[in-house]
Amino acid sequence: MPEDPKERRRRLLAMDLTELAVEFGTDKWGVHRYTPHYQRHLEHLRGEEFTLLELGVGGYARSMGGASLKMWKWFFPKAHVIGLDIEDKTALSGGRITVVQGDQTDEALLTSLMEEHQPLVVIDDGSHVPDHVRASFGVLFPLLPDDGVYAIEDTQTSYWPEWGGQADPRARGTSMDLVKDLVDGLNFEEYVDQHEPSYTDRWVRSVHCYHNLVVVEKGDNVEGTNKLDVLKERYE
């Protein structure tokens, strides 16, 4: 017997993010272990009206995809969920889900999406090619509002040459190289040498690194340094 729509709605709204991932079959739980981390960082938005943009809709040979879009839709019952994919997945659009066809490195398209929809959360589950990851971040992060969240999934490709990564974990130009620069930038006011702070130095508030997942929180990072006070205390 088909499930009563009201009962289904009640059941889905009561689920946590991991349960919803299992319900809709997204690999954000199972193949990966992302959902507990997402719940920790995004739980405060569960009852809010906002827009979430996800790069990559998934599916391809297996299915049309869209499993994670459905997961986000039910976890955030007041949110507008936008998916961007290089393949045509626009048939998945409906209700609070909108799917756009396009390339995650298309600066004009990304800028247009940000200006029109003003997402508060961006999740990069796209190609996972480091050059693409860096290009998307370079366009999208500066356009996020304060208190926005930017997540990069599947950062393991940083270490896989066949995906455009580098076997040397200290190599420049990878996704994780970008992340490491963001972490250093948190402390830019403590640098000894003369340094002109970058945009991310000033506007990355925190960087949370997990296995194959990075969550970046946006906010004012200009706190000042207490170096002189510390030195004065040390030598008194």
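One finds the CG atom of Leu53 at 11.0 Å from the CG atom of Leu143 (value rounded to the nearest 0.5 Å). For the atom pair CD1 of Ile152 and OH of Tyr150, the computed distance is 6.0 Å after rounding to the nearest 0.5 Å. Note: Trp163 CH2 to Ser175 OG = 11.0 Å, rounded to the nearest 0.5 Å. The OG1 atom of Thr35 sits 11.5 Å away from the CG atom of Leu42 when rounded to the nearest 0.5 Å. Taken from CG in Leu84 to CG in Leu113, the straight-line distance is 6.0 Å, to the nearest 0.5 Å. Rounding to the nearest 0.5 Å gives a distance of 14.5 Å between OG1 of Thr105 and CZ of Arg134.
Between Ala21 and Trp29, the shortest heavy-atom distance links the atoms CB-CB, 3.9 Å. Between Thr225 and Glu189 the shortest heavy-atom distance is CB-O, 3.7 Å. The two residues Gly173 and Pro130 come nearest to each other via the heavy atoms O-CB, 4.1 Å. Considering every non-hydrogen atom in both Val215 and Tyr210, the closest pair reads CG2-CE1, 4.4 Å. Minimum interatomic distance between Leu12 and Glu23 (heavy atoms only, all atoms of both residues): CD2-CG, 3.7 Å. Closest approach of Asp85 to Glu87, counting heavy atoms only: OD1-N, 2.9 Å.
Residues passing the salt bridge (charged side-chain N to carboxylate O under 4.0 Å, His left out) test with Glu3 are Arg11, sequence neighbours excluded. Partners of Pro145 by side chain to side chain contact (heavy atoms under 4.5 Å, CB included), not counting sequence neighbours, listed by chain and number: Leu120. Shown here are the side-chain hydrogen bond (donor to acceptor under 3.5 Å, both in side chains) partners of Ser158, two or more places apart in sequence or in another chain: there are none. Among residues two or more places apart in sequence or in another chain, the side-chain hydrogen bond (donor to acceptor under 3.5 Å, both in side chains) test is passed with Arg172 by Asp177, Asp181. Phe141 pairs by the ring-ring contact (aromatic ring centres under 6.0 Å, His included) definition with Phe137, not counting sequence neighbours. For Asn221, there are no side-chain hydrogen bond (donor to acceptor under 3.5 Å, both in side chains) partners two or more places apart in sequence or in a different chain. Here Arg46 pairs with nothing under the side-chain hydrogen bond (donor to acceptor under 3.5 Å, both in side chains) rule; sequence neighbours left out. For Asp124, there are no salt bridge (charged side-chain N to carboxylate O under 4.0 Å, His left out) partners, not counting sequence neighbours.
Of the possible polar contacts, none joining the Asn187 side chain to the Glu190 backbone as a donor-acceptor pair under 3.5 Å is found. A distance-only check finds no donor-acceptor pair linking the side chain of Arg96 to the backbone of His80 [under 3.5 Å]. In terms of modelled atom types and a separation under 3.5 Å, the side chain of Thr157 and the main chain of His128 share a donor-acceptor contact.
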For residues 200-209, which side-chain donor-acceptor pairs fall under 3.5 Å, sequence neighbours excluded?
from	atom 1	to	atom 2	distance (Å)
Thr200	OG1	Ser198	OG	3.2
Asp201	OD1	Ser198	OG	3.3
Asp201	OD2	His195	NE2	2.8
Asp201	OD2	Ser198	N	2.9
Asp201	OD2	Ser198	OG	3.3
Arg205	NH1	Asp147	OD1	2.9
Arg205	NH2	Asp147	OD1	3.4
Ser206	OG	His208	NE2	3.1
Ser206	OG	Glu217	OE1	2.6

N/O donor to acceptor pairs below 3.5 angstrom from side-chain atoms of residues 70-78, sequence neighbours left out:
from	atom 1	to	atom 2	distance (Å)
Trp72	NE1	Glu54	OE1	3.1

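Sorted by first then second residue, the side chain to side chain donor-acceptor pair (under 3.5 Å) pairs that include residues 107-117, not counting sequence neighbours, number zero.
Grouping the Ile, Leu, Val, Met, Phe, Trp and Tyr side chains by contacts below 4.5 angstrom, directly or via other members, places Val22 apart from Leu213. The hydrophobic clustering, which links ILVMFWY residues whose side-chain heavy atoms are closer than 4.5 Å, places Val81 and Leu55 apart. Cluster membership for Leu17 and Phe50, using ILVMFWY side-chain heavy atoms within less than 4.5 angstrom, is shared. Linking ILVMFWY residues whenever their side-chain heavy atoms come closer than 4.5 Å, directly or via other members, leaves Val121 and Leu182 in distinct clusters. Following chains of ILVMFWY side-chain contacts shorter than 4.5 Å, one can reach Val139 starting from Tyr199, so the two form part of one hydrophobic cluster.
Residues Gln39 and Asp16 are in side-chain contact: their nearest non-hydrogen atoms beyond the backbone lie under 4.5 Å apart. Within the 4.5 Å cutoff, side-chain heavy atoms of His32 are placed close to those of Gln156. Taking the side chain as every heavy atom from C-beta outward, Leu109 and Asp103 never approach each other to under 4.5 Å. In this structure, Thr18 and Leu20 have side chains that are not in contact, with every pair of non-hydrogen atoms separated by 4.5 Å or more. Between Ile86 and Gln104 the shortest side-chain heavy-atom distance does not fall below 4.5 Å. Within the 4.5 Å cutoff, no side-chain heavy atoms of Asp125 are placed close to those of Tyr34. Contact of the Val149 side chain with the Val122 side chain is not registered, since no non-hydrogen atoms from C-beta on lie closer than 4.5 Å.
Here Val129 is tied to no hydrophobic group at all, with no ILVMFWY side chain closer than 4.5 Å.
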- Task: Go through the steps for Arg170 and Asp168 under the test salt bridge (Lys or Arg N to Asp or Glu O under 4.0 Å), then give the verdict.
- Result: CA-CA 5 Å; Arg170 294 168 295 279; Asp168 181 357; 3.4 Å; yes
- Between Asp146 and Asp220, does a side-chain contact (heavy atoms from CB on, under 4.5 Å) hold up when you go through it step by step? CA-CA 8 Å; Asp146 286 2; Asp220 186 349; 5.7 Å; no
- Message: Could you go through Ile82 and Val99, starting from their C-alpha distance and side-chain angles, then the distance that decides it, and tell me whether this counts as side-chain contact (heavy atoms from CB on, under 4.5 Å)?
- Response: CA-CA 6 Å; Ile82 301 176; Val99 178; over 6 Å; no
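Between the side chains of Glu153 and Tyr38, at least one donor-acceptor pair of N or O atoms lies under 3.5 Å. A donor-acceptor pair shorter than 3.5 Å cannot be found between the side chains of Ser68 and Thr26. Residues Thr90 and Gln101 have side chains that never bring a donor and an acceptor to within less than 3.5 angstrom of each other. With hydrogens and angles left out, the side-chain atoms of Ser127 and His132 include a donor and acceptor closer than 3.5 Å.
Other residues, nucleotides and ligands contribute more than 12 heavy atoms inside 6.0 Å of the CD atom of Glu162. Residue-environment remark: CZ (Arg40) exceeds the threshold of 12 foreign heavy atoms within 6.0 Å.
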